[in-house]
Amino acid sequence: MIRKIFLPSILIILTYGFWISPDFKEIAAGVAIFLFGMLSLEEGFKAFTGGTLERILRNSTNRYWKSLSFGIVSTTIMQSSSLVSVITISFLSAGLITLAAGIGIIFGANIGTTTGAWLIAGLGLKVKISAYAMPMLAFGIIMVFQKSNTYKGLGYILAGLGFLFLGIHHMKEGFEAFKSTIDLTEFAVAGYPGLFLFAGIGIFATVVMQSSHATLVLILTGLAAGQITYENALALAIGANVGTCITAILGSLSANVEGKRLAAAHLVFNVITGVIAIVFIQQFLWGVESISTLVGIADDDYTLKLAVFHTLFNITGVLVMTPTINILVTKLESMLQAKEVSVVEPKYLYDATMGFPDTVMESVRKETLHLYDNALEIIAHGVSLHRRDVFSSADLPEIVEKPHKVIDIDIDEVYGRNVKVLYGAIVSYISEAQTHITSEYSEDLYSLRLAGRHIVEALKDVKHLRKNLATYMVSDNEHIRAEYNKFRLQIGNILRELGDLRVQSEDPDNITILNLDGLKAEIEEIDVVANGSLDHLIRENLITEKMATSIMNDSAYTFDISKNLIDMAEILFAARALDLREAEQDIALNEDELEQIIEEVEAEEKAQDR
């Protein structure tokens with residue numbers, strides 16, 4: 001809705017500006033070139049993410065000072081607080097960082113973005129930067145057309161810098177020519193009304209251009225050309241700082257509730273910082289004069305003084321807000337709560353994460369674990385076991401042997417509500433993600449998709465197993481009852497073992513694939529057909545032919561359930577590092593080796609019986 005209103009408005013303003021003044025064209029072209037340069041820069045930096053930026057972020061936000069430093073450094077390097085904000089929201093949505101860490105990064109980004117004002121004020125308006133722009137554009141465009149992603153990324157960065165410099169040059173020239181046409185100083189309003197008026201103009205300009213950097217360039221170039229007064233420029237800078245959070249707000253629209261909380265925190269921080277700057281404007285002016293005198297900034301060098309002011313009030317905002325982070329987090333979590341839904345929806349899959357490979361992998365892994373958690377209810381209740389018993393320290397064989405009523409569960413209904421939509425979302429997300437990430441991630445992404453399929457296949461087999469199990473587990477025939485209790489015990493043991501392995505998998509030093517070999521051998525040994533127990537029941541007439549057929553079929557279902565769960569665990573609970581996982585798989589037992597070990601054990605047991 002916002003975009004539908006703003007686009008026609010911008011087009012009308014531009015058309016009117018072009019009609020009344022040819023000098024306006026140069027300013028508008030400068031802004032357009034500058035914004036296009038920012039897009040090119042962002043595209044270039046994305047080419048170099050490839051997991052590196054994500055890993056740095058994950059390891060750099062476990063403490064507040066780290067997250068604050070990351071926000072400062074990354075924004076200083078990228079010269080785009082918008083890109084840093086979008087990345088932070090995507091990681092928060094994926095559950096990779098906490099809300100407090102995300103707020104720290106946003107605070108740091110606000111300090112880091114002030115370096116742009118220093119670069120423009122100290123360099124951009126004092127030298128003919130268009131001279132640097134042309135070589136950058138020439139080299140950059142050539143590199144953009146190369147096949148290598150690295151060269152393309154460098155090309156976009158060089159071209160982006162070239163367009164930034166060229167845009168600044170045209171805006172500067174436009175304001176110089178425009179000076180005789182319109183003098184904004186005529187609209188100056190003294191006192192606080194003027195401060196709030198120009199702060200509002202700064203907010204509007206930043207919302208329209210989606211860039212506080214672009215607004216700052218307009219302010220600095222207008223100030224250098226004498227189009228606005230020093231006090232007007234300060235108010236515009238405050239407004240630009242508040243308006244920059246619009247990018248985070250728009251980026252959070254496709255994010256989960258955590259992303260929306262971060263965008264709200266960004267808005268709260270910028271508004272409070274802006275109000276502090278306006279209310280204490282005289283104190284800030286005194287601070288700017290003191291710092292300018294200390295570092296040798298000339299009395300009439302208002303562009304550098306504006307850069308000092310921009311830095312000073314942002315640092316003040318961070319100092320004021322830092323002690324309130326925990327309170328802010330608590331308030332946001334209580335005010336913005338996840339909506340309750342009758343159908344389980346994805347918790348970690350969001351379009352905002354598509355451009356970052358490591359985030360995509362972690363999002364899919366977490367969502368598949370979410371799928372598994374929802375499937376556990378169906379699997380456990382499907383074989384009439386309570387989850388609290390399965391994951392407790394109680395003796396599972398004793399629990400299974402106790403007389404129980406069949407747990408009432410509509411597998412189709414629960415599957416449709418808790419699993420089907422979630423699994424479909426994972427498959428769709430993976431299909432879309434494969435068009436955004438490099439081939440080196442494709443194998444792992446395919447494995448995660450396979451893990452989801454193993455979970456769904458296990459559920460289908462539980463549905464088939466339950467048909468006879470619900471009848472025979474309460475049968476008066478103790479022999480058939482014992483066989484179906486074995487099926488229940490096997491599945492219960494698998495769930496319990498996988499629960500333990502899942503906890504162990506959080507420790508990167510555990511080699512969990514090897515721990516699954518014992519489970520593989522165990523499910524092979526329990527095969528009632530292979531181990532001869534079914535033949536014994538038939539020969540002794542302990543069960544009917546119909547019962548025997550049911551045991552044969554359901555034994556296969558039990559084996560498939562167990563195998564699908566183990567195969568799923570090999571993917572989800574194994575070491576996350578690809579090289580370590582491959583090493584584990586190299587030394588893990590394959591099917592032939594497992595079969596050989598089982599045969600040797602059976603031979604030893606027969607020899608002992610003799």
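Note that the numbering runs from 1 along the sequence shown for the chain.
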What is the minimum heavy-atom distance between [X] and [Y], and which atoms define it?
| X | Y | result |
| --- | --- | --- |
| I141 | A159 | CD1-CB, 4.2 Å |
| R502 | Y372 | NH1-CD2, 3.9 Å |
| A100 | I325 | CB-CG2, 4.2 Å |
| T322 | F107 | N-CE2, 4.3 Å |
| E367 | K347 | OE1-N, 2.8 Å |
| A433 | V360 | CB-CG1, 3.6 Å |

Quiz prompt | Over 12 foreign heavy atoms within 6.0 Å of CZ, F139 | solution =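 Open: at most 12 neighbouring heavy atoms sit under 6.0 Å from CZ of F139.
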Quiz prompt | Heavy-atom neighbours of K66 NZ exceed 12 at 6.0 Å | solution =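 Yes, because the 6.0 Å sphere around NZ of K66 holds more than 12 heavy atoms from other groups.
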Quick one: does [X]'s side chain get under 4.5 Å of [Y]'s, heavy atoms only?
| X | Y | answer |
| --- | --- | --- |
| L99 | L262 | yes |
| F284 | T316 | yes |
| L234 | L285 | yes |

Can you tell me how far the [atom1] atom of [X] sits from the [atom2] atom of [Y], to the nearest 0.5 Å?
| X | Y | atom1 | atom2 | answer |
| --- | --- | --- | --- | --- |
| L349 | I430 | CG | CD1 | 8.5 Å |
| L371 | L422 | CG | CG | 5.0 Å |
| K331 | R261 | NZ | CZ | 14.0 Å |
| I157 | K152 | CD1 | NZ | 14.5 Å |
| I103 | H266 | CD1 | NE2 | 11.0 Å |
| F313 | I276 | CZ | CD1 | 10.5 Å |

Self-check item: Pair F309-I238, side chain to side chain contact (heavy atoms under 4.5 Å, CB included): steps then yes or no
Solution: CA-CA 9 Å; F309 172 75; I238 295 170; 3.8 Å; yes
Quiz item: So, T324 side chain and M321 main chain: donor-acceptor pair closer than 3.5 Å or not?
Solution: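 At least one qualifying donor-acceptor pair exists.
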Quiz item: What do the steps show when you test V318 against F269 for side chain to side chain contact (heavy atoms under 4.5 Å, CB included), and what is the final call?
Solution: CA-CA 8 Å; V318 170; F269 170 78; 3.8 Å; yes
Exercise. Check the pair M136 / L166 against side chain to side chain contact (heavy atoms under 4.5 Å, CB included), numbers first and verdict last.
Key: CA-CA 10 Å; M136 288 182 175; L166 193 61; over 6 Å; no
Quiz prompt | Working for side chain to side chain contact (heavy atoms under 4.5 Å, CB included), residues L448 and L572 | solution = CA-CA 7 Å; L448 289 171; L572 287 186; 3.8 Å; yes
